[in-house]
Amino acid sequence: LVLGEAEYNKHLAGASSPGKSEGYFLRVSPSGVLLAGQDQKGTYWGIQTLLQLLGQGEAGPELPSVRITDWPDFMIRGAHLCLGDPDLSATKLLIGEVLRRYKINTVVLEIESIKWESHPEINPDGPTPQQIGELADLCREHFMEPVPQIQSGGHCEYWLFRDGQHKELAEDPENPYNYCPSNPAVYDLLFDLFRETEKWLKPDRKSTRLNSSHVSQLV
């Protein structure tokens with residue numbers, strides 16, 4: 001088994017990676033396995049393909065003979081995870097065992113419903129910013145860029161106005177759905193959350209490339 005980036009591994013000198021970002025060349029034959037990544041991500045995605053091919057034969061683990069040259073068609077291949085439950089074990093399993101196998105490289109972490117240090121009343125039973133930071137680190141370990149999302153403008157009824165709280169920030173206190181954008185107290189609260197997000201999740205400013213009308217990003 002020989003794997004790595006062809007540029008740095010003399011044993012892969014004869015392998016031809018596809019010349020595209022995150023791409024790889026994989027050859028499985030009776031003589032062994034050769035995997036040449038265009039870059040570190042390419043090598044990692046090639047390993048995921050190898051794991052997908054791995055099966056159990058009569059004599060033990062086996063691989064089919066294949067020759068694959070592969071690279072992504074899309075720069076961003078993402079999943080959107082809504083977080084509010086303090087038990088993140090299933091989420092960690094999803095990231096570490098499922099999303100990586102399908103070469104997901106961007107994970108939007110929707111985090112408004114967590115137990116904030118500055119405003120724990122928002123969800124006193126939710127995961128902490130530190131826990132979410134650890135989840136973001138797990139994403140990076142698997143070459144996934146974590147992009148934090150905090151609902152703002154609309155969609156505030158289930159977190160900002162949860163259990164009837166902070167109605168003084170609502171545009172319509174009788175129907176608290178969106179906050180009042182002309183109320184300075186709104187931004188005091190939001191920027192408290194933004195600062196905590198930067199502290200614990202350390203978002204990559206380049207993640208601004210992920211631009212969607214329904215995603216309120218922190219960059």
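These numbers come from the heavy atoms of this one structure, side chains and all, not from hydrogens, waters or symmetry mates.
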Do the side-chain N and O atoms of Y24 and T69 include a donor-acceptor pair separated by under 3.5 angstrom?
-> no
Side-chain contact test, heavy atoms from C-beta onward, threshold under 4.5 Å: evaluate it for L88 versus Q131 and give yes or no.
-> yes
Could you tell me whether E62 atom CD has more than 12 heavy atoms of other residues or ligands within 6.0 Å of it?
-> yes
Just one of P146, P127, C82, P148 clears the side-chain contact (heavy atoms from CB on, under 4.5 Å) bar with I111, so which one?
-> P148
Scanning both residues in full, the closest heavy-atom pair of Y44 with R100 reads OH-CD, 3.3 Å
Could you check if a side-chain atom of D70 sits within less than 4.5 angstrom of a side-chain atom of K103, using non-hydrogen atoms only?
-> yes
Are the side chain of N178 and the backbone N or O of G154 linked by a donor-acceptor pair below 3.5 Å?
-> no
Y177 and H155: aromatic ring centres closer than 6.0 Å?
-> yes
What about W116 and L135, same hydrophobic cluster or not, with Ile/Leu/Val/Met/Phe/Trp/Tyr joined at side-chain heavy-atom distances under 4.5 Å?
-> yes
Validation row: Q56, P61 side chains within 4.5 angstrom (heavy atoms) | yes
Report the residue from V108, L109, T106, V147 that forms a side-chain contact (heavy atoms from CB on, under 4.5 Å) with H80.
-> V108
Might you work through the side-chain hydrogen bond (donor to acceptor under 3.5 Å, both in side chains) test for T43 and E5, ending with a clear yes or no?
-> CA-CA 7 Å; T43 300; E5 291 77 67; 2.5 Å; yes
Mind checking whether H166 and H119 have parallel, tilted or perpendicular rings, split at 30° and 60°?
-> perpendicular
Does any non-hydrogen side-chain atom of E145 lie less than 4.5 Å from one of D204?
-> yes
Can you label the angle between the Y187 ring and the Y179 ring as parallel, tilted or perpendicular, going by 30° and 60°?
-> perpendicular
Inter-residue atom distance H142.NE2 - D137.CG, 0.5 Å rounding | 11.5 Å
Compare all side-chain heavy atoms of I68 with those of T49 and state whether any distance is below 4.5 angstrom.
-> yes
Can you list the steps and then say if F25 with R67 is a side-chain contact (heavy atoms from CB on, under 4.5 Å)?
-> CA-CA 8 Å; F25 170 77; R67 185 184 181 94; 3.7 Å; yes
Provide the closest heavy-atom pair for D188 versus R195 in the form atom of the first, atom of the second, distance.
-> O-NH2, 4.5 Å
Within a strict 4.5 Å, meaning less than it, do heavy atoms of the T91 and I95 side chains meet?
-> yes
Q52 and R101 side chains, donor-acceptor separation under 3.5 Å | no
Does Y158 OH have over 12 foreign heavy atoms under 6.0 Å away?
-> yes
State, to 0.1 Å, how close L99 and A79 come at their nearest heavy-atom pair, and which atoms those are.
-> CD1-CB, 4.0 Å
Would you kindly confirm whether V98 and L83 end up in one hydrophobic cluster when ILVMFWY residues are joined by side chain heavy atoms under 4.5 Å apart?
-> yes
Below 4.5 Å, heavy atoms only, C-beta onward: do K202 and R140 meet side chain to side chain?
-> yes
Are V28 and L51 connected in a single hydrophobic cluster, I mean Ile/Leu/Val/Met/Phe/Trp/Tyr linked by side-chain heavy atoms less than 4.5 Å apart?
-> yes
Flag side-chain contact, heavy atom, 4.5 Å: P129 against I114 = yes
Indicate if I150 and I122 have the same hydrophobic cluster label, given that clusters are the connected sets of ILVMFWY residues with side-chain heavy-atom separations under 4.5 angstrom.
-> yes
Salt-bridge criterion met for R77 and E22 (N-O under 4.0 Å) | yes
From CD (E171) to OG (S182), nearest 0.5 Å = 7.5 Å
Are the side chain of E110 and the backbone N or O of Q151 linked by a donor-acceptor pair below 3.5 Å?
-> no
Measure across G133 and L201 and return the closest heavy-atom pair with its distance rounded to 0.1 Å.
-> N-CD1, 4.0 Å
Say you draw a straight line from CD of E196 to CD of E117; how long is it, rounded to the nearest 0.5 Å?
-> 4.5 Å
To the nearest 0.5 Å, how far apart are CG in L53 and OG in S65?
-> 10.5 Å
If every non-hydrogen atom of L63 is compared with every non-hydrogen atom of L50, which pair is closest and at what distance?
-> CD2-O, 3.7 Å
For the pair D87 (side chain) and S89 (backbone), establish whether a donor and an acceptor sit closer than 3.5 Å, ignoring hydrogens and angles.
-> yes
Hydrophobic cluster identity match, L1 and W45, side-chain contacts under 4.5 Å = yes
Search all heavy atoms of P203 against all heavy atoms of T197 and return the closest pair with its distance.
-> CD-O, 3.9 Å
Would you say the side-chain atoms of Q38 and S21 include a donor-acceptor pair closer than 3.5 Å?
-> no
Would you say the side-chain atoms of Q48 pair up with the backbone N or O of Y102, donor to acceptor, closer than 3.5 Å?
-> no
